[in-house]
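Start at 1 and go down the list; that is how both ligands and their atoms are numbered. These figures come from a predicted structure and were not determined experimentally.
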Amino acid sequence: MEKFIIMGGNRLEGKIRVSGAKNAALPILAASLLSPGTNLIQDVPNLKDVAVMKNLLEYLGVKITSDQQGIKVDAQRAASLEVNEEIMRKMRASNLVMGPLLARFGQVRVSYPGGCAIGSRPMDLHLKGFIALGAKITEKYGYIKAEAKELTGSEIHLDFPSVGATENIMMAAALARGKTVIRNAAKEPEIVDLQNYLNGMGARIKGAGTDTIKVEGVSELGSTTHAVIPDRIETGTHMIAAAITQGDVTISNVIPEHVEPIVAKLKEAGVKVTDMDNQIRVQGTGCIKAVDLKTMPYPGLPTDMQSPMMTLLTVAKGTSVISESIFENRFKQVDELRRMGANIKLEGRAAIVKGTEKLSGAFVEAPDLRAGAALVLAGLVAEDATVIENVHHIDRGYERLEVKYSSLGARIIRVNN
Ligand code: UD1
């Protein structure tokens, strides 16, 4: 089991480059199943979750090769094989193969997916979308089967703007007969990236980034080259690393508009943030102010930033209230942060964070991906050593975080035992 050992107290200074977005790369890789051609995908981050998706595609018969240009995905010989629980439980985003397999092969059977244990995370909205497109769904023995001789375009109104459901329905509708309209769609930048990729392959989709997406089905998709957008959650995490250590960090490969909700909150907390085209400079100002925040679908503050923001507020001046409105069980970092001296009280789906002057190093465990990142941030400012176990959770979404932070002057190492 790998661990991070962090000696806190160093200011982070210098330049850091953000990798391609995990949450854009995963649906884009899955979407490759829709086309019998070969697609070149660039800026795919080297992450555990991406490896899981690649393995799943290979299992389905997709040929994947990598070189300096990027990842070549050849789905000519793909087949809609049953996907068992061993594969599906590794990552919830495995469910993103459902829409493409259903659309191209007329059927799909998968075990219920797994992933971070941050809430119940049902699939009902995905399935309602498939049903609206004409699929028959059977749920038995922990498996979901969807089948349709031919998918037909339809009007779908999502009860909640689910990211995954919007993506799965968009992908299925790309090969459906006729026009599909998805209302109350998720507006996240990753949905726009998926639209661009699909359209590059020959799909006819517009409206991604707004709450109404229109898909004109086509009979076949071809090949394209696509570069994945930068990861806005990684960007936000680095911004907090700079702010919490009172550092001065320039973050490159950033789309400032995508991180605007995070920047707004950081500025409210007294952090200096300067936009420079595709770079952002973050400087500590000596005082972090308490702020209230609520996670919301995009363009609100992302739920994935909730735990890293909490770490920042544990050392702020004053009391902050954090409301989590997307997932019901996303405060797993709280017990661990308390071990490091944070003063946090939970009241249902809100956390009351009373800023303390100093955190202290402790033995902690990364309970999930973003909560793990929150602990790294805490370790960067805590007195003495922090040992973080279960860093495999962190590796799901951050490319060698310890290497990136070491290059900025942090004292952080990975040990294996
Ligand atoms: C995606 C992101 C994840 C992020 C989340 C919210 C990927 C690979 N993962 O996850 O990092 O935290 O968006 O921004 O892109 N829900 C239902 N029924 C459904 C589907 C979802 O009730 O059929 C609920 C979920 O339980 C949750 C909420 O909707 O409470 C948001 O989930 P969703 O937007 O679907 O998140 P994911 O796509 O799983």
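Close contacts of ligand 1 with Gly164, meaning ligand atoms under 4.0 Å from a residue heavy atom, involve 35 (O), 38 (O). Counting atoms of ligand 1 from 1 in the listed order, those under 4.0 Å from a heavy atom of Met123 are 23 (O). Listed by number with element, the atoms of ligand 1 under 4.0 Å from a non-hydrogen atom of Arg330 are 12 (O). Listed by atom number, the atoms of ligand 1 under 4.0 Å from Thr303 heavy atoms are 6 (C), 12 (O), 14 (O).
A salt bridge does not link Asp211 with Arg183: none of the charged nitrogens is closer than 4.0 Å to a carboxylate oxygen. A salt bridge links Glu190 and Arg232; the closest N-O separation between the charged side-chain nitrogens and carboxylate oxygens is under 4.0 Å. The pair Arg17-Asp43 meets the salt-bridge criterion, with a side-chain N (NZ, NE, NH1 or NH2) lying under 4.0 Å from an Asp/Glu carboxylate O. Ion pairing between a basic and an acidic side chain is recognised when a charged N comes within 4.0 Å of a carboxylate O; Lys289 and Glu268 show no such pairing. Salt bridge present: Glu402 and Arg400 bring a charged side-chain N and a carboxylate O closer than 4.0 Å. Ionic pairing of Glu324 and Arg330 is not present here: no N-O contact between side-chain nitrogen and carboxylate oxygen is shorter than 4.0 angstrom. Between Lys332 and Asp368 no salt bridge is recorded (no basic side-chain N to carboxylate O distance below 4.0 Å).
Residue contacts with ligand 1: Ala186 is excluded, as none of its non-hydrogen atoms falls under 4.0 Å. Contact analysis leaves Glu190 out of contact with ligand 1, as no non-hydrogen atom separation drops below 4.0 angstrom.
Contact annotation for Asp304 and ligand 1: only side-chain heavy atoms (C-beta onward) come within less than 4.0 Å of the ligand. In Phe160, the part holding a heavy atom less than 4.0 Å from any atom of ligand 1 is the side chain.
In terms of polar-atom proximity, Lys22 is not counted as a contact of ligand 1, lacking any N or O under 3.5 Å from an N or O of the ligand. For ligand 1, the polar-atom distance check against Glu188 finds no nitrogen or oxygen pair separated by under 3.5 Å. For ligand 1, one of its N or O atoms has an N or O atom of Arg92 under 3.5 Å away. Backbone and side-chain nitrogen or oxygen atoms of Ala165 are examined, and none is located within less than 3.5 angstrom of a nitrogen or oxygen of ligand 1. Considering backbone and side-chain N/O atoms, Asn23 comes within less than 3.5 Å of an N/O atom of ligand 1. For ligand 1, the polar-atom distance check against Ile326 finds a nitrogen or oxygen pair separated by under 3.5 Å. Of the N or O atoms in Val163, one or more lie within a sub-3.5 Å distance of an N or O in ligand 1.
More than 12 heavy atoms of other residues, nucleotides or ligands shown are found within 6.0 angstrom of CG on Asp67.
Residues Leu158 and Ile169 meet the side-chain proximity criterion, which asks for heavy atoms closer than 4.5 Å.
The nearest non-hydrogen atom to atom 19 (C) of ligand 1, considering only Pro122, Gly129, Ser162, comes from Pro122.
Rounded to the nearest 0.5 Å, atoms CE (Met123) and CZ (Phe130) are 6.0 Å apart.
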